[in-house]
Structures are given as structure tokens and as C-alpha cells.
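These notes are about the structure you will find just below.
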There are 2 protein chains.
Amino acid sequence: MNTLPAKTVERLSEYRRTLMGCLNAKRNYIYSHQLASLLHITAVQVRRDLMLIGYSSVLRKGYDVRELIDTIGRIIDSEETMNVAIIGIGNLGRAVAGYFKGKRSKLNLVASFDNDPQKVNKVISGVRCYPYQEMEKLMGELNIRIAILTVPADYARETAENTIRFGIKGILNFTTVPLNVPSGIFLEEYDMITSMEKVAYFVKENRF
Amino acid sequence: MNTLPAKTVERLSEYRRTLMGCLNAKRNYIYSHQLASLLHITAVQVRRDLMLIGYSSVLRKGYDVRELIDTIGRIIDSEETMNVAIIGIGNLGRAVAGYFKGKRSKLNLVASFDNDPQKVNKVISGVRCYPYQEMEKLMGELNIRIAILTVPADYARETAENTIRFGIKGILNFTTVPLNVPSGIFLEEYDMITSMEKVAYFVKENRF
DNA sequence: TAAACATTGTTATTTTATTAACAATAAAAA
DNA sequence: TTTTTATTGTTAATAAAATAACAATGTTTA
């Protein structure tokens with residue numbers, strides 16, 4: 001299978017969680033327009049995305065919720081679990097950690113790192129916090145593949161370089177410092193200030 | 001001036017902050033390719049964005065950093081300050097509040113709301129937390145235009161509807177629940193789980 | 001049974017975003 | 001002074017994403 005467009009991957013993640021909600025509500029089949037409306041997108045978008053992953057419904061009966069959840073999982077999850085660490089377990093790090101409570105099936109938060117002695121060697125938001133100095137050793141031992149960067153801006157670049165040196169393959173950068181990474185490392189950045197200023201701009205303009 | 005493309009607005013926010021860093025470093029002029037490289041994008045992108053806001057440099061001298069900061073401000077900031085509230089001052093809310101410390105010039109965080117008696121009427125992360133019940137009254141009094149939604153998923157929809165009823169014009173939704181809003185309200189959503197699963201997918205695929 | 005209908009999968013079209021190409025031009029070098 | 005060079009602003013080309021169009025087809029209704 002070819003690599004999917006990034007936007008499709010994002011929506012697949014959202015489809016799956018929405019579908020899990022449907023299962024909980026004992027709904028076993030769902031039409032494209034229903035799934036679309038739960039996510040406030042169009043039915044065509046849903047059908048197109050599902051086409052890309054080769055999923056087919058029974059005509060006029062809608063999609064089999066459980067089956068579709070599985071199919072999406074086969075596409076976007078890895079075979080074995082993928083281990084994740086949070087670097088910097090301040091407010092933001094703890095918030096992110098909280099999302100792992102609901103058990104992301106194949107994504108495993110296995111460690112956090114910090115250099116605050118108050119935090120080190122404690123379990124914070126459900127995950128053990130290790131001293132920053134042990135990162136090198138533990139990245140290997142725990143087979144950590146993804147780093148979530150929630151350190152203060154001043155440490156962003158240095159920390160990112162370290163995680164890469166210690167073998168990380170993907171970084172989710174929540175700091176406001178833009179990173180660049182060598183090829184072979186996947187980088188996803190999210191900047192909250194940008195989002196806030198964007199909202200302010202469009203509110204001011206009031207046409208969008 | 002026509003409304004700018006959303007992506008351009010996002011980059012303008014990033015340009016400005018990068019330029020402020022330059023000013024601090026006593027750099028007064030900057031070439032498009034230098035600004036680009038600080039953000040790990042292309043010089044054409046920078047020039048194109050600046051073309052859209054009608055900024056011109058002195059040829060071959062690069063952009064005047066201070067002037068460009070001002071120009072961007074005139075485009076993306078509103079005349080008067082725009083007031084913001086954080087709804088739900090848990091870990092994520094506190095993390096967001098932290099970004100206002102550095103004083104977003106025209107974006108003012110004036111309140112947070114929560115219904116935890118432990119938090120109410122205290123100053124948390126630099127902002128006073130008011131009881132959820134007072135939202136209606138204070139949204140008007142404090143002239144709050146933008147709501148940042150950092151409540152637990154179960155409250156997302158209800159809370160969003162309330163903020164809209166109380167006069168908010170823009171929502172930045174950090175919950176994992178997709179919202180839909182009436183026209184005239186600007187909605188920006190960010191879903192951390194989606195980002196994490198996206199990173200996991202591309203790490204697994206290892207071609208992007 | 002035949003006609004109308006609802007839904008899907010997919011191709012075609014449009015829109016949006018990015019990248020490339022290049023003329024214009026001033027500074028620096030010859 | 002003339003030539004070369006570096007940089008910009010802008011138009012043209014390409015790529016990516018979203019939307020529309022529609023044939024195919026099984027279900028329901030008449």
C-alpha cells in the first residue's frame with residue numbers, strides 16, 4: 001500500500017475514535033454521511049478516505065463499525081506496540097500524558113524525562129519520570145521510538161538533538177521553537193501561539 | 001485588504017516571533033532566505049507571504065526587522081486588545097496560560113473558568129480563575145471575545161455552546177470532541193491524539 | 001415485477017497551497 | 001565604467017486537498 005496523504009491519516013485517527021464511540025452506543029452500522037456529520041465534514045471526504053484504505057461496505061447497509069475500526073487499525077497502527085516518551089513533564093507534558101490513560105491500543109507511553117529533582121523517580125500522570133541524564137540508556141532499554149517534546153523553549157533544540165542521537169524516529173514538538181531534523185526522522189510540530197493568533201486574526205476579520 | 005490564506009496567517013505569526021528574536025540579538029536586517037532557514041521553510045514561501053501583506057524591502061539590503069514586525073502586527077493584530085478566556089484550568093489550561101506570560105501584545109488573557117472549588121477565586125498560572133457559573137456575567141463585563149477550550153471531553157459540547165451563547169466570537173478547541181459552530185464564529189481545533197497517531201503512522205511507514 | 005430511491009466507489013473538476021522561474025535592480029567587483 | 005552577483009517581487013507551473021459528478025447497484029415501494 002502506498003503512503004497515505006497526511007490529512008487522510010489524521011482523519012482516520014478521528015474516524016476510529018468516533019467509531020469506538022458508536023460501538024459503545026451499540027451502533028453496529030453507520031453510513032458515510034452519518035460518520036461525516038459526527039465529525040462535521042462531508043460524506044464524500046469520508047468515502048474518499050475509506051476508498052484509499054480499500055474498505056468496502058455492504059451496499060446500502062453502511063459500514064460495519066467494528067470491522068472498520070479493525071481495518072483502520074491495520075492501516076495506521078504498527079504490528080507491535082510503539083513506545084513513546086514525554087520529554088519535560090510540566091503542565092503540558094502532564095496534559096499529554098493524560099491522553100494515554102484511555103489506552104491508545106498500540107501507542108505506549110513508557111517513560112517521561114525531566115531534570116527537576118522534585119519530579120524524578122516519581123510516577124506522574126500515570127507514567128514514571130526518569131532523570132534526564134538516563135535518557136540515553138533508557139531510550140535503548142525501553143525501545144522508545146517517539147519523543148513528545150514539552151520542554152521549555154530554551155531547551156528545545158538541544159533536547160531534540162539528543163533524542164535523535166539516542167535513536168528516536170519521530171518527534172512531536174510542542175515547543176514554540178521550530179526544529180529541523182535529519183531525513184529519516186518524522187517531525188510534527190504544533191505551536192499554540194500560532195493557533196491563538198490565527199483565531200484572533202479571523203475573529204477580527206470576521207469573514208472566513 | 002482581502003482575507004489572507006490561513007496558512008499565511010500562521011506563518012506570519014511565526015515570522016513575527018522569529019523576528020523578535022532577531023531584534024533581541026541586535027540584528028536589524030534579514031534576507032528572505034535567512035528568515036526562511038530559521039523556520040526551516042523556503043525563501044520563496046517567505047517572499048510570497050510578505051508579498052501578500054504588501055511589504056517591501058530595500059533591494060539587496062534585506063527586510064528591516066523592526067519595520068516588518070510592525071507591518072505584520074498591523075495585519076494580524078486587532079486595533080484594540082482582544083480578550084481571551086481559558087475554560088477549564090487543568091494541566092492543559094495552565095500550559096496554555098503560560099504562553100501569555102511573554103505578553104502577547106494584543107491578545108489578553110483576562111480570565112479562566114472552572115468548577116473545581118479548589119481552583120475558583122485563585123490566581124492560577126497568572127490569571128484569576130472564576131467559577132463556571134459566573135461565565136455569563138463576566139464574558140460581557142470583561143468583553144471576552146475568544147474562548148480556549150481545555151475542559152474534559154464530556155463537557156466540551158455543552159461548554160462550547162455556552163460560550164457562544166454568552167457572546168464569544170472565536171473558539172480554540174483543544175478537546176478531542178469535534179465541535180460545530182454557527183456561522184460567524186471562528187473555530188480552530190487541535191487534537192493531540194491525532195497528532196500522536198500521525199507521528200506513529202509515519203514512523204512505521206518510514207517514508208514521507 | 002417495475003419504478004423510484006439511497007448509498008456507495010471512483011473519476012473528474014475545482015480550489016488551495018507550494019514551488020519554480022525569471023525579469024528587475026541595486027550593490028559589489030572588475 | 002562595465003560586468004557580475006545577489007536579492008527581490010511576481011507570474012507561471014506543479015502538487016496536494018477538497019468537492020462535485022455520476023454510474024453502479026441493491027432496497028424499498030408501488
Side-chain angles (χ1 to χ4, degrees), chain A residues 1-15 19 27-65 67-68 71-72 75 178 188-189 194 198 202 205 207-208, chain B residues 1-15 19 27-65 67-68 71-72 75 178 180 188-189 194 198 201-202 205 207-208:
Chain A
M1 157 105 79
N2 273 345
T3 312
L4 297 167
K7 293 294 170 98
T8 294
V9 174
E10 293 178 15
R11 281 188 298 265
L12 288 173
S13 163
E14 284 157 13
Y15 295 159
L19 291 167
R27 175 187 215 158
N28 292 310
Y29 288 91
I30 192 166
Y31 295 126
S32 60
H33 67 268
Q34 295 174 318
L35 181 51
S37 110
L38 289 171
L39 287 147
H40 312 115
I41 59 174
T42 68
V44 194
Q45 186 89 84
V46 170
R47 298 206 303 273
R48 216 176 188 301
D49 287 333
L50 298 188
M51 182 193 87
L52 292 177
I53 64 170
Y55 184 77
S56 271
S57 71
V58 175
L59 188 51
R60 295 239 338 174
K61 215 181 157 190
Y63 302 102
D64 181 312
V65 173
E67 215 169 276
L68 185 47
T71 305
I72 292 175
I75 300 286
E188 172 79 5
E189 308 201 276
T194 294
K198 181 181 175 188
F202 284 106
E205 293 292 313
R207 65 207 138 103
F208 35 84
Chain B
M1 160 104 80
N2 274 344
T3 311
L4 297 167
K7 294 293 171 95
T8 294
V9 174
E10 292 177 14
R11 281 188 297 263
L12 288 174
S13 164
E14 283 157 14
Y15 295 159
L19 291 167
R27 175 188 217 159
N28 292 310
Y29 288 90
I30 192 167
Y31 295 127
S32 60
H33 67 267
Q34 295 174 317
L35 182 51
S37 110
L38 289 170
L39 287 146
H40 312 116
I41 60 175
T42 67
V44 193
Q45 187 90 84
V46 170
R47 298 206 303 272
R48 213 174 191 302
D49 287 333
L50 298 189
M51 182 192 84
L52 291 177
I53 64 170
Y55 185 76
S56 271
S57 70
V58 174
L59 187 50
R60 295 244 333 181
K61 215 181 157 189
Y63 302 102
D64 180 313
V65 173
E67 214 169 276
L68 185 46
T71 305
I72 293 176
I75 300 286
N180 83 333
E188 172 79 6
E189 308 201 276
T194 294
K198 181 182 175 188
Y201 172 79
F202 284 105
E205 293 292 313
R207 66 206 138 104
F208 36 83

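The sequence lines fix the lettering, A, B, ..., with proteins before strands; numbering per chain opens at 1. All of these numbers come straight from a predicted model, not from anything done at the bench. Because only heavy atoms are used, hydrogens play no part in the values below, and waters and symmetry mates are left out as well, while side chains stay in.
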Might you point out which heavy atoms bring B:Lys198 and A:Ala6 nearest each other, and give the distance in Å? CE-CB, 3.9 Å

Just the rounded figure in Å: distance from P of D:dT7 to OH of B:Tyr55. 16 Å

Between C:dT8 (C1') and A:Leu68 (CG): distance, integer Å: 14 Å

Heavy atoms, side chains only, cut-off 4.5 Å: are A:Leu52 and A:Pro5 in contact? yes

Taking for each residue the nucleotide of DNA chain D bearing the nearest heavy atom, is the 5' side occupied by B:Arg48 or by B:Tyr31? B:Tyr31

Write down the distance between CD (A:Glu10) and P (D:dA16), rounded to a whole number of angstrom. 15 Å

Could you tell me the separation between the NE2 atom of B:His40 and the P atom of C:dT19, rounded to a whole number of Å? 15 Å

Would you say A:Tyr63 reaches C:dG9's phosphate, i.e. side-chain N/O to OP1/OP2 under 4.0 Å? yes

How close do A:Tyr29 and A:Val65 get, counting heavy atoms only, and between which atoms? N-CG2, 3.8 Å

Could you work out which one of D:dA17, D:dC22, D:dT7 sits closest to the side chain of A:Arg47? D:dC22

Rounded to the nearest Å, what distance is computed from the NZ atom of residue A:Lys7 to the P atom of nucleotide D:dA15? 19 Å

Which part of the nucleic acid does B:Tyr29 contact within heavy-atom distance under 4.0 Å: base, sugar-phosphate only, or nothing? nothing

Specify the residue among A:Lys61 and A:Met51 whose closest nucleotide of DNA chain C lies further upstream toward the 5′ end. A:Lys61

Let me know the distance between CG of B:Asp49 and P of C:dT18, rounded to the nearest Å. 8 Å

If you only use heavy atoms from C-beta on, which nucleotide in C:dT18, D:dT19, C:dG9 is closest to the side chain of B:Gln45? C:dT18

Quick one: label B:Ser32 by what it contacts on the DNA or RNA (base, sugar-phosphate, nothing), any heavy atom closer than 4.0 Å. sugar-phosphate

To the side chain of A:Thr42, which of C:dG9, D:dT19, D:dT7 is closest? D:dT19

Given atom CG of B:Leu4 and atom C1' of C:dA17, what is their separation to the nearest angstrom? 14 Å

Rounded to the nearest angstrom, tell me the gap between atom NE2 in A:His33 and atom P in C:dA6. 10 Å

Kindly determine whether B:Tyr15 and B:Leu50 satisfy side-chain contact (heavy atoms from CB on, under 4.5 Å), including the steps that lead there. CA-CA 10 Å; B:Tyr15 295 159; B:Leu50 298 189; 4.3 Å; yes

Would you indicate what B:Ser56 reaches in the nucleic acid, counting non-hydrogen atoms under 4.0 angstrom: base, sugar-phosphate, or nothing? sugar-phosphate

Could you walk me through whether B:Tyr63 and B:Leu19 pass the side-chain contact (heavy atoms from CB on, under 4.5 Å) check? CA-CA 10 Å; B:Tyr63 302 102; B:Leu19 291 167; over 6 Å; no

A:Pro5 has a side chain; which of C:dT18, C:dT7, D:dA17 sits nearest to it? D:dA17

